[in-house]
2 protein chains.
Amino acid sequence: MTFRRTNPLALAVLALLSERPMHPYEMAQTMRERHQEEVIKLNYGSLYTVVESLRRHELIAASATQKAGNRPERTVYAITEAGTAELHGWLRELIAVPAKEYPRFEAGISLVGLLPPHDALAVVEQRLAALGEQLTALAVLLEKLAGMGLPQLAWIELDYRMAVLRAERAWLTWFATATREGTVGGYDDWEERHR
Amino acid sequence: MTFRRTNPLALAVLALLSERPMHPYEMAQTMRERHQEEVIKLNYGSLYTVVESLRRHELIAASATQKAGNRPERTVYAITEAGTAELHGWLRELIAVPAKEYPRFEAGISLVGLLPPHDALAVVEQRLAALGEQLTALAVLLEKLAGMGLPQLAWIELDYRMAVLRAERAWLTWFATATREGTVGGYDDWEERHR
DNA sequence: CACCCTATACTCGGTTCCGGATATTTGGGA
DNA sequence: TCCCAAATATCCGGAACCGAGTATAGGGTG
């Protein structure tokens, strides 16, 4: 059975172990500290499932079971050679090949015609406000990270997200205006259906 | 137990049943015809699970079991009043509140420093090419739909996706240049680590 | 020094998801 | 008329996922 590149949490595990051996709980802590959990969903339940799956595929291996102090016993894992290869291959694939994803907003906006135009406008404006807040929060964070002397490469994904958020906001602004003024194609029919 | 708005396929089911009663297989066909499966992931296995879950929560109800011709028996479902309310509420939420999502590309690009700069540049350029193709394909499709006389509101989500894709491409173009010329912040260290 | 709160380190059970099977029927050509 | 491919309609078993629970230890407080 070959390893399937589904859960990105497995990628995070490989990336962390490529620095040094760790036990699962430590991985979680490190992800927290580095704000990695903003980019890769972290869930304790999944973490242990994922680690076990990586071990079964021999991409990582248990390197020791410590019993520091009198804490519950814990297993430290290390990356294998196959694991390093998998890490690099997966990374290449993630960047090179656009994955087919299903953003929830696309699902929502595709059915916006089911809401009366007036309500639709209201929720779009709510989203605009929320996006605005996210953008300023991001800008503040970027400022702070740059100020701390961290190199841009260390927070490159935030830079990317900022660009995408700006585009979203621009589109939404257009859509809100077009709805308000009734200039979006098919508006008359839309209006009529909701009476 | 209250209904959890996880799988958007359930939203599609509610939306379809808000038009008229259908049996599951017919829902799938209709989604195909309308290219809805581009926006909402459709999987036969999940479809029946989701329909059963909606029925348990009384958002839809079995309205008849036909046996047309001699086909295997099939159950036709209709939306309930609670279902209609759920559909509208969910729709509002999807549009108004930006969901925390985890795009795979963000995960990938956040770890790009693990690849040697030269390789990173290569995969980024591959993605740029792929994005270019997606964009022209989208443009062709939009042209076609507009030509068929469909109102803009019927393909509003494609309009949105186009805007986002353009922003992605612009950002990637910048990143490729900055990598090629070594002007991305932290480049020297990056170079050095891979020797 | 008794107490409690938080941090540590998992574990577990129920739900959800999904990729194939499975079983029947219709339509169309040889 | 017979046969096969495609369409119809659903089901199933295993994998993955996730939230909540458990159990111990250290550290601060009155």
Side-chain angles (χ1 to χ4, degrees), chain A residues 1-13 16 21-33 37 40-57 59-60 62-77 99-102 104 107, chain B residues 1-13 16-17 21-33 37 40-57 59-60 62-77 99-102 104:
Chain A
M1 203 56 68
T2 168
F3 178 73
R4 288 173 46 204
R5 293 167 175 174
T6 48
N7 195 340
L9 187 53
L11 182 78
V13 168
L16 287 167
M22 292 188 196
H23 56 96
Y25 192 81
E26 194 182 355
M27 299 175 201
Q29 294 314 302
T30 316
M31 284 186 70
R32 288 255 153 86
E33 274 169 33
E37 41 152 8
I40 293 176
K41 181 139 117 194
L42 168 61
N43 175 308
Y44 280 74
S46 309
L47 180 59
Y48 289 86
T49 321
V50 151
V51 164
E52 175 54 21
S53 156
L54 285 170
R55 195 200 54 74
R56 273 204 324 273
H57 289 92
L59 301 174
I60 67 178
S63 76
T65 51
Q66 308 179 340
K67 203 175 155 78
N70 250 353
R71 301 265 181 70
E73 203 168 81
R74 61 200 186 176
T75 312
V76 175
Y77 294 89
K100 182 157 189 173
E101 297 190 85
Y102 299 84
R104 306 172 79 79
Chain B
M1 203 54 71
T2 168
F3 178 72
R4 287 173 47 205
R5 295 168 174 172
T6 47
N7 195 341
L9 187 53
L11 182 78
V13 168
L16 288 167
L17 293 187
M22 291 188 197
H23 56 96
Y25 191 80
E26 193 182 355
M27 299 175 200
Q29 295 315 301
T30 316
M31 284 187 70
R32 288 255 153 85
E33 273 169 33
E37 42 152 8
I40 294 176
K41 181 138 118 194
L42 168 61
N43 175 310
Y44 280 74
S46 310
L47 181 58
Y48 288 85
T49 321
V50 153
V51 164
E52 176 52 21
S53 156
L54 286 171
R55 195 198 55 73
R56 273 204 324 273
H57 290 91
L59 303 174
I60 65 177
S63 76
T65 51
Q66 309 178 338
K67 204 173 155 80
N70 251 352
R71 300 262 182 71
E73 203 169 79
R74 59 200 188 178
T75 312
V76 175
Y77 295 89
K100 182 157 189 174
E101 296 190 84
Y102 299 84
R104 307 173 78 79

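To find a chain, count down the sequence lines: A is the first, B the second, and so on, and within it residues start at 1.
- The CZ-P distance, from B:Arg32 to D:dA7, rounds to 11 Å in whole Å.
- A close approach under 4.0 Å does occur between a side-chain nitrogen or oxygen of A:His23 and OP1 or OP2 of C:dC10.
- The aromatic rings of B:Tyr25 and B:Tyr44 sit tilted relative to each other, their planes meeting at an angle between 30° and 60°.
- An OP1 or OP2 oxygen of C:dT16 is reached within less than 4.0 angstrom by no side-chain nitrogen or oxygen of B:Asn7.
- One finds no side-chain N or O of A:Arg56 lying less than 4.0 angstrom from the OP1 or OP2 phosphate oxygen of D:dA15.
- In this structure, the helix from C:dC1-D:dG30 to C:dA30-D:dT1 shows an angle of 0° between the axis at its start and the axis at its end, each fitted on 5 base pairs and rounded to 10°.
- Looking only at side-chain heavy atoms (C-beta outward), B:Pro8 and B:Lys41 stay at 4.5 Å or farther from each other.
- The 5' end of DNA chain D is approached more closely, in terms of each residue's nearest nucleotide, by A:Ser53 than by the other of B:Arg4 and A:Ser53.
- Atom-to-atom, CG of A:Leu47 to P of C:dC10 comes out at 9 Å; the value is rounded to the nearest Å.
- Side-chain atoms of B:Arg55 and B:Ile60, non-hydrogen and from C-beta on, do get closer than 4.5 Å to each other.
- Partners of B:Arg56 according to the side chain to side chain donor-acceptor pair (under 3.5 Å) rule, which considers only residues two or more places apart in sequence or in another chain, do not exist here.
- For B:Pro24 against B:Thr75, the heavy-atom pair with the smallest separation is CD-O, 3.4 Å.
- In this structure, A:Glu37 places its CD atom 14 Å from P of D:dC18, rounding to the nearest Å.
- The line from OG of B:Ser63 to NE2 of B:His23 is 10.5 Å long, rounded to the nearest 0.5 Å.
- Atom pair A:Asn43:CG and C:dT15:P shows a separation of 17 Å (rounding to whole Å applied).
- Nucleic acid contact for A:Gln29: sugar-phosphate only, since backbone atoms but no base atoms lie under 4.0 Å from a heavy atom of the residue.
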Write out a two-atom table: protein N or O, nucleotide N or O from nucleotides 11-13 of chain D, distance below 3.5 Å.
none

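- A 4.5 Å side-chain heavy-atom check between A:Glu26 and A:Val76 finds every atom pair outside the cut-off.
- Rounded to whole angstrom, the span from the CG atom of A:Leu9 across to the P atom of D:dA15 amounts to 19 Å.
- If you check C:dT8, C:dC18, D:dA9 against the side chain of B:Ser46, the one that comes closest is C:dC18.
- Between the NZ atom of B:Lys100 and the P atom of D:dC18 there is a distance of 14 Å, given to the nearest Å.
- Regarding B:Glu26, its CD atom lies at a distance of 14 Å from the C1' atom of D:dA7, rounded to whole Å.
- An OP1 or OP2 oxygen of D:dC17 is reached within less than 4.0 angstrom by no side-chain nitrogen or oxygen of A:Lys41.
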Begin from the C-alpha positions of B:Leu9 and B:Met31 and carry the test side chain to side chain contact (heavy atoms under 4.5 Å, CB included) through to its verdict.
-> CA-CA 10 Å; B:Leu9 187 53; B:Met31 284 187 70; 4.0 Å; yes
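- Spacing between atom CG of B:Leu42 and atom P of D:dT10 amounts to 14 Å, rounded to whole angstrom units.
- Within the model, atoms OH of B:Tyr48 and CE of B:Met27 stand 8.5 Å from one another, a figure rounded to the nearest 0.5 Å.
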